[in-house]
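The block underneath contains the structure these notes are about, expressed in C-alpha cells.
Counting starts at 1 for both ligands and their atoms, in listed order.
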Amino acid sequence: MNLVERDAAVIWHPFTPQKNRIDPIPITKGKGTLLFDAAGNAYIDAISSWWVTLHGHAHPYIAEKLYRQALQLEQVIFAGFTHEPAVCLAERLLEILSGPFAKIFYSDNGSTSTEVALKMAIQFWWNQQQQQRKKIIAFKNAYHGDTFGAMSVSDRSVFTLAFHDLLFEVIFLDTPSQENIASSIATMQQYAAETAAFIYEPLVQGAGGLKMYDAALLNQLLVAAKENSIICIADEVMTGFGRTGKMFASEYLTVKPDIICLSKGLTGGTMALGVTACTQQIYNAYMQDDALKTFFHGHSFTANPLACTAALASLDLLQQPDTVTAIEKICKSIAVFANELTQLKAPIKNIRTLGTIIAFEIKLGKDEYLNNVSQFVTQAALKQGVYLRPLGNTVYVMPPYCITDEELRIVFTVIKNILQHYE
Ligand code: PMP
C-alpha cells in the first residue's frame with residue numbers, strides 16, 4: 001500500500017468530508033514558503049498552512065534551537081515546576097503585547113487559549129461574589145475554535161449545526177458597521193449587569209471568511225464595554241504576530257483588551273502552543289486565601305518547553321529588521337494586487353486587505369459555505385504550484401513573511417489565471 005492508501009485505512013482528517021474524499025497529498029519536506037510532495041512537486045504555501053507559518057517551513061534557526069532544547073528538557077509538568085523557556089517567553093511577550101498585561105497563562109492551541117479566556121473572565125466575577133455576571137457577548141460570524149466553549153461564542157454556522165442545542169447562550173452582536181453600532185452599544189448596555197466578557201477577533205474575522213471591519217467602530221464598542229466593566233477579550237490567535245501589518249491588531253485600537261489570546265504564529269507555526277494573557281486586575285481576583293477561588297484549569301502540555309523554545313526563536317526572527325522590512329514589502333505588494341483585482345472583468349466582490357492579508361469573494365449568486373469554489377480553486381492552484389484553500393467562495397492570501405517578490409507574483413498570477421474560469 002502506498003502512503004495515501006495507508007492514510008485512508010487509518011486516518012480521519014479535520015474539516016474533511018469523509019465520503020468521496022479527495023486524496024490528501026503526501027508532503028515529504030518543507031523549505032521556506034515551499035511544500036514538497038512525494039513526487040517532487042513544489043507548492044508555494046500561500047496560506048501559511050492554516051495561518052501558522054511565519055518564517056517559512058523547517059526554519060533552520062528554530063530547528064536548531066528545538067534540537068538543543070530537546071536534548072535538555074522536552075517536557076515537564078507545569079504545576080509545581082517551571083523552566084527557563086516558559087519564563088523567558090512570558091517576559092518577552094509581556095514586553096511586546098498591546099495592553100497592560102501582567103500574567104501569561106499557557107495552554108496548547110488556539111481553542112484552548114479562548115476557552116481559558118472565557119473561564120478566566122467568568123470566574124473573575126464568581127470569585128467576587130458576582131455570579132450573575134456570566135453572559136458572554138460575541139460577534140455574529142465569529143470563530144473562536146472548535147471546543148464547546150469556543151464553539152458557543154462562535155457564530156451558529158454549518159460548523160456547529162449538530163451541537164446548537166448544547167452550546168451555551170451568547171448575546172450576539174452584528175459585526176460593527178455605521179448602521180448597527182448604536183444598537184450594538186445599546187444591547188451591550190442592556191445586558192451589562194449580567195455580562196462577564198465581550199470576545200472579539202480584532203479587525204478581521206478569520207474563519208468567518210476574512211471579513212474585515214473598522215477599528216474606530218470596534219473602539220466605540222470597547223469604550224462601552226469598559227464603561228460597563230465588561231471584560232474585553234481580544235482573540236488574536238490569527239491576527240497576532242504581524243499578520244495585519246502591526247505586531248497585534250489591537251495596536252490599531254486605542255482601547256486595549258483585558259485578556260488577549262494567542263496561538264498559531266506564536267511559535268512561528270512550528271509547535272502547538274496557546275497563550276492567554278491577562279491584566280493584574282483579573283489576576284488579583286484569584287489572589288485569595290480561599291482555595292476554591294483557584295483557577296482549576298490546565299493541560300498536560302501546558303507551557304511545553306519545546307513549544308516555548310520555538311516561540312522564543314520565532315520572536316528572535318520576527319524582531320529582526322529584515323523581517324520587519326519583509327512584512328512591510330508584503331503589505332505593499334498586497335495593496336498593489338488589490339488594485340489589480342479591481343481592474344479585472346472577473347465576477348469578484350468585496351476586495352479587502354489588511355496588512356499581509358487579502359481576501360475577496362467570487363460571485364456565485366449563492367454564498368453558502370458548501371459550494372465547490374474551494375475545491376476547484378485549490379485543485380487548480382495546486383496544478384500551478386500554489387497552495388490556496390478558499391473559505392467557501394472567499395479566496396484569500398496570507399503568506400509566510402519569507403515569501404519572495406517573485407513567489408508572491410506567482411501566487412497573484414495563478415489567482416488571476418483561475419479567475420478567468422469564472423469570467
Ligand atoms: N481563534 C481564531 C481567531 C482562529 O482563527 C482559530 C483557528 N482558526 C482559533 C481561535 C482556534 O485555534 P485552533 O485551531 O488552534 O484551535
Side-chain angles (χ1 to χ4, degrees), residues 13-16 45 47-54 98 105-121 136 138-155 157-160 163 167 170 172 175 197-213 218 232-244 248-250 252-253 257 259-277 297 299-302 304 307 310-311 314 354-357 359 369 374 389-392 394 396-398:
H13 286 267
F15 281 101
T16 307
D45 184 354
I47 62 153
S48 302
S49 282
W50 257 340
W51 322 339
V52 302
T53 309
L54 294 193
S98 179
F105 192 97
Y106 287 110
S107 61
D108 48 20
N109 61 69
S111 303
T112 54
S113 76
T114 58
E115 289 282 349
V116 166
L118 296 168
K119 287 177 69 176
M120 200 181 257
I136 304 293
F139 282 135
K140 287 181 192 160
N141 197 50
Y143 177 85
H144 296 289
D146 286 343
T147 49
F148 263 83
M151 263 199 298
S152 293
V153 297
S154 301
D155 200 9
S157 69
V158 290
F159 295 151
T160 54
F163 312 104
L167 302 179
V170 166
F172 283 108
T175 315
F198 164 46
I199 185 165
Y200 55 97
E201 294 159 274
L203 308 191
V204 192
Q205 295 186 306
L210 281 311
K211 297 267 160 45
M212 299 181 187
Y213 63 95
L218 178 57
C232 297
I233 303 173
D235 176 354
E236 294 232 27
V237 167
M238 187 276 280
T239 51
F241 303 102
R243 288 292 179 204
T244 65
F248 299 101
S250 293
Y252 287 97
L253 300 154
I259 295 180
I260 191 165
C261 306
L262 307 169
S263 188
K264 292 195 185 277
L266 171 61
T267 61
T270 311
M271 303 275 305
L273 185 66
V275 152
T276 309
H297 188 109
H299 300 276
S300 314
F301 286 100
T302 295
N304 172 259
S314 174
L354 186 64
T356 70
I357 310 169
Y369 182 81
S374 184
R389 192 176 198 273
L391 292 154
T394 302
Y396 70 92
V397 178
M398 198 188 300

For [atom], what is the closest protein heavy atom, and at what distance to 0.1 Å?
atom	answer
atom 3 (C) of ligand 1	Asp235 OD2, 3.3 Å
atom 16 (O) of ligand 1	Ser111 OG, 2.6 Å
atom 6 (C) of ligand 1	Tyr143 CE2, 3.6 Å
atom 5 (O) of ligand 1	Trp51 CZ3, 3.5 Å

For the 3.5 Å polar cut-off, considering only N or O atoms, please tell me whether [X] and ligand 1 meet it.
X	result
Glu201	no
Gly110	yes
Lys264	yes

| query | side-chain hydrogen bond (donor to acceptor under 3.5 Å, both in side chains) between His144 and Asp235: does it pass, once the steps are laid out? | reply | CA-CA 7 Å; His144 296 289; Asp235 176 354; 2.7 Å; yes

Side-chain ([X]) to main-chain ([Y]) donor-acceptor, under 3.5 angstrom:
X	Y	value
Glu201	Tyr143	yes
Ser314	Ala310	no
Ser113	Cys261	no
Ser263	Leu273	yes

| Is it the side chain (CB and beyond), the backbone, both or neither of Ala207 that lies under 4.0 Å from ligand 1, heavy atoms counted? |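 Neither part.
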
| Phe139: which of Tyr200, Phe198, Phe172 passes ring pair (Phe, Tyr, Trp, His ring centres under 6.0 Å) | Phe198

| message | With the threshold set at under 4.0 angstrom, would you say Trp50 reaches ligand 1 through any of its heavy atoms? | response | no

| Numbered atoms and elements of ligand 1 in range of Met238, under 4.0 angstrom, heavy atoms | 5 (O)

| Minimum heavy-atom distance between Ser111 and Ala150, given as atom pair plus value | O-CB, 4.4 Å

